[in-house]
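Note sheet for the following structure.
Reminder, nothing fancy here: chain letters follow the sequence lines and each chain counts from 1. Atoms considered below: every heavy atom in the structure, side chains included; atoms not considered: hydrogens, waters and symmetry mates.
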Amino acid sequence: MSREILARPTLQAARSLLGARLVRDDETGRRVGRVVEVEAYGGPEDRASHARFGRTTRNAVMFGPPGVAYVYLVYGMYHCLNVVTEPAGRAAAILVRAVAPVEGLDLMRRDREARAAATRRRAGDPLWAATAGRRIASLPAERLASGPGLVTAAFGIDRSWTGVDLCDPASALRLESAPPGERRAAIRVTPRIGVAYAGDPWSTLAWRLHLADDLAVSGSSRR
DNA sequence: TCAAGGATCCGCT
DNA sequence: GCGGATCCTTGAA
């Protein structure tokens, strides 16, 4: 995916990101997912954005060039993958909330299980890992990466991936445009999830975008 | 150094 | 529909 696309205003870039491919291709194997759900986060004025405190150690890459990965931990448990947007100096990013698995489903299941087991081990529940394994093994493909924390779990991504250039075809983790001629579903927009604390208008702006009626959209049974 | 709270998911009801 | 798990990041002192 070209950097120019991601250098545009974040909401426009977010539209272009829908349908694109998220690819992890390295010694662990090849995984591909079609991006079906994203959220736009603006600059320091956006009270829901990590950039609202200005530049910090954690969010520094948001202030850099577009097309770079920003991965952070939420709720002490889940990693979230973001794509930096807009020209350097303008802090903005797009949260990848869900992808529909295209290739490497076995790898995604394996990493989902590994992460679930690790999480629960810390909680002191050794028997749970086996249960989680069975549950994930029977999960339909469209549920393997149907949420921000699930995308990173399925792709084996954590904070160490912050800074990776997603526009570089040689990167282990990258974005690729949708295959030419691929038909894309209508785009629906809704308010962002989990940002009530930001207050008006930031909590109500329709900056969550997803492909209509796609089964891989997060919580599609609920919203 | 501290206290507060969060861009979530899962299992149980 | 609800609450627990879990720990990093932040601003204040």
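- The residue A:L73 sits close only to the backbone: its heavy atoms come under 4.0 Å of sugar-phosphate atoms, none of a base.
- Here CH2 of A:W207 is found 7.5 Å from OG1 of A:T10. Values are rounded to the nearest 0.5 Å.
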Side chain to side chain donor-acceptor pair (under 3.5 Å) between A:T162 and A:R159, worked out: CA-CA 6 Å; A:T162 290; A:R159 285 180 303 162; over 6 Å; no
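- Residue A:I193 contributes atom CD1, which lies 16 Å from atom P of B:dG6 at whole-angstrom precision.
- Between A:L81 atom CG and B:dT8 atom P there is a gap of 14 Å when expressed in whole angstrom units.
- Stacking is not found between A:Y197 and the pyrimidine-like six-membered ring of the B:dG6 base under the 5.5 Å centre-distance and 30° plane-angle cut-offs.
- Salt bridge A:R30/A:E103: present, at least one basic N to carboxylate O contact under 4.0 Å.
- The side chain of A:L150 has B:dC9 as its nearest neighbour among B:dC9, B:dT8, C:dC8.
- Taking the side chain of A:R58 as heavy atoms from C-beta on, and the options B:dC9, C:dT9, B:dA7, the nearest nucleotide is C:dT9.
- Look at CZ on A:R159: it is 15 Å from P on B:dA7, rounded to the nearest Å.
- Comparing B:dA7, B:dC9, B:dC10 against the side chain of A:R112 picks out B:dC10 as the nearest.
- Rounded to whole Å, atom P of B:dT8 lies 11 Å from atom CZ of A:R208.
- In this structure, A:Y72 atom OH and B:dG6 atom P are separated by 13 Å, rounded to whole Å.
- The side chain of A:R135 lies closest to B:dG11 when the candidates are B:dA7, B:dG11, B:dT8.
- For B:dT8, the OP1/OP2 oxygens have a side-chain nitrogen or oxygen of A:R97 closer than 4.0 Å.
- Straight-line distance from the CG atom of A:N59 to the P atom of C:dG11: 9 Å, rounded to whole Å.
- In the set C:dT9, C:dT6, B:dA7, C:dT6 carries the atom at the smallest distance from any side-chain atom of A:M77.
- When the nucleotides B:dC10, B:dT8, C:dC8 are ranked by their closest atom to the side chain of A:C80, B:dT8 comes out on top.
- Not one side-chain nitrogen or oxygen of A:R55 sits closer than 4.0 Å to the OP1 or OP2 atom of C:dT10.
- Of all the residues in residues 43-53 of chain A, A:A48, A:H50 reach under 4.0 Å from DNA chain B with at least one non-hydrogen atom.
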